[in-house]
Amino acid sequence: MSEVILELKNLKKYFPLPGGQSVKAVDGVSLKLFKGETLGLVGESGCGKSTIAYTVVGMYGATEGEIIYKGTNLAQKGYKRNLQQKGEIQIVFQDPGSSLNSRRNVGKSLELPLKIHTKLNKQERQDRIDELLELVGLPVDFKKRMPRNIGGGERQLVSVARALGSNPEFIILDEPTSALDVSVQAKVISTLIHLQEKLGLSYLFITHDLSLMRNVATRVAILYLGRLCELAPTAEFFHRPLHPYTQMLLSSIPVATDEEEKVKPAQIISEGEIPSPVNVPSGCTFHTRCRDCMDICKVEVPVMIEIEPSHYVCCHKFKEGEPIAAEVE
Ligand code: SF4
């Protein structure tokens, strides 16, 4: 695999509550993101995936842990990111309607990051705006349009163009298509893939839609109650899911081909509700819903181990160096 562009080490983000308790939104996440890849970060609502995004871009301060970008720990206490670091790590939000200023036309929205992050003069900024619109497949006369007068997919493409204004190396895509009609989702996804190939971008793609990751992600990571359960290259992930939670998620998604149907886990009915992140279960946080729960799972937190090259799983069913049980083959 290529160069590491970003590394999270034991990242934690707790939100304190009155009375001394806290919401453990992110609770010890470690992962690496490689240059040019798309890492799909998948989980149910409230699992902490967007909190990871907001902490990485600096909207939230980390409670503990490190965010290593080009050798610098961006999460160290009191550290202020410089303009270059802010420009190189960008985010595209789920709802393009609320992330674009409704009183500014598209051109003005695209010009703002150019004023902040570049030394371009007025004419050069206009030329760059045209270039950005062309990059995302929109006509240049879009710059005169107001956000309310363009469609949801087009608004999201404008958001992508705006993120590109500061020449980022790494973009976090926070559910970029989930607020869009199915008919325009494909256009946004294919534009993102095209941009990645053309500009060498790296993506952290946050979604609850596991099936979307099959054709988009280089690797897939599964998050549950603020902790990673499993991380693997996409083909391996869909061919041989190991963690009981991953198997539960995969068992409920539709498949398109007979080949996929053969390797899809049998339907697993979800047991119980997701526990509150204020009172996370002891031991393995998934033990209250896991059909394979053992005594050890209730008391001992499992650790992430590499079970196959680049395939990591966090579950007491698996021990480093031991062959994987036949039932999950
Ligand atoms: Fe289930 Fe135990 Fe594995 Fe957790 S550690 S997923 S409870 S088998």
Side-chain angles (χ1 to χ4, degrees), residues 8-14 23-31 39-49 51-52 65 206-211 213-214 217 219-234 236-253 263-329:
L8 308 183
K9 287 186 180 173
N10 195 30
L11 185 67
K12 296 183 183 178
K13 178 60 192 173
Y14 296 172
V23 175
K24 294 181 174 177
V26 180
D27 197 16
V29 168
S30 297
L31 55 81
L39 175 60
L41 184 59
V42 184
E44 293 167 288
S45 177
C47 70
K49 51 194 190 303
T51 304
I52 290 178
I206 289 172
T207 182
H208 64 276
D209 185 352
L210 190 47
S211 55
M213 292 297 96
R214 193 189 292 271
R219 294 182 299 149
V220 180
I222 299 291
L223 195 67
Y224 182 78
L225 276 180
R227 295 181 192 166
L228 282 182
C229 302
E230 188 160 5
L231 170 62
T234 305
E236 162 80 0
F237 177 88
F238 282 97
H239 179 67
R240 190 157 62 157
L242 296 178
H243 195 283
Y245 178 55
T246 308
Q247 293 178 346
M248 190 182 94
L249 290 178
L250 275 171
S251 77
S252 61
I253 65 172
V263 294
K264 176 182 165 180
Q267 176 78 43
I268 301 169
I269 305 297
S270 167
E271 291 178 15
E273 299 292 321
I274 303 180
S276 159
V278 179
N279 291 309
V280 289
S282 58
C284 170
T285 52
F286 187 57
H287 85 250
T288 54
R289 301 171 75 194
C290 181
R291 62 180 185 159
D292 298 332
C293 180
M294 303 169 282
D295 288 344
I296 188 176
C297 305
K298 297 174 185 168
V299 290
E300 197 173 304
V301 179
V303 294
M304 195 70 126
I305 56 171
E306 189 172 17
I307 204 87
E308 293 278 330
S310 304
H311 190 161
Y312 300 84
V313 66
C314 185
C315 172
H316 288 303
K317 281 171 70 181
F318 304 99
K319 298 274 178 276
E320 209 148 34
E322 279 185 12
I324 304 168
E327 71 205 55
V328 296
E329 288 283 358

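We count ligands from 1, going down the list as the structure has it; atoms in each ligand are counted the same way. Count residues from 1 along the sequence.
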Trainee: Starting from atom 5 (S) of ligand 1, find the nearest protein heavy-atom neighbour and note its residue, name and distance.
Mentor: H316 N, 3.2 Å

Trainee: Counting from 1, what ligand 1 atoms have a heavy atom of H243 closer than 4.0 Å?
Mentor: 6 (S)

Trainee: Would you indicate whether the side-chain heavy atoms of L242 and R240 approach each other to under 4.5 Å?
Mentor: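 Sidechains of L242 and R240: in contact.
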
Trainee: Please determine if E44 and R289 form a salt bridge, counting it only when a charged side-chain N lies under 4.0 Å from a carboxylate O.
Mentor: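 Between R289 and E44 there is a salt bridge, with a charged N closer than 4.0 Å to a carboxylate O.
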
Trainee: Within the 4.5 Å heavy-atom criterion, are C315 and P244 side-chain neighbours or not?
Mentor: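 When only atoms from C-beta onward are counted, P244 and C315 do touch, with a gap below 4.5 Å.
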
Trainee: Under 4.0 Å, heavy-atom basis, I'd like to know which part of C315 is in contact with ligand 1: side chain, backbone, both or neither.
Mentor: both

Trainee: Taking atom NE2 of H287 and atom CD of E300, what is their separation to the nearest 0.5 Å?
Mentor: 13.5 Å

Trainee: Parallel, tilted or perpendicular: which fits the ring planes of F286 and Y224, with parallel below 30° and perpendicular above 60°?
Mentor: perpendicular

Trainee: Using a distance threshold of 2.8 Å, state whether an N, O or S atom of C297 lies below it from atom 4 (Fe) of ligand 1.
Mentor: no

Trainee: Could you list which atoms of ligand 1 come closer than 4.0 Å to a heavy atom of C284?
Mentor: 4 (Fe), 5 (S), 6 (S), 7 (S)

Trainee: Using a 4.0 Å cutoff against the non-hydrogen atoms of C290, which atoms of ligand 1 qualify?
Mentor: 1 (Fe), 6 (S), 7 (S), 8 (S)

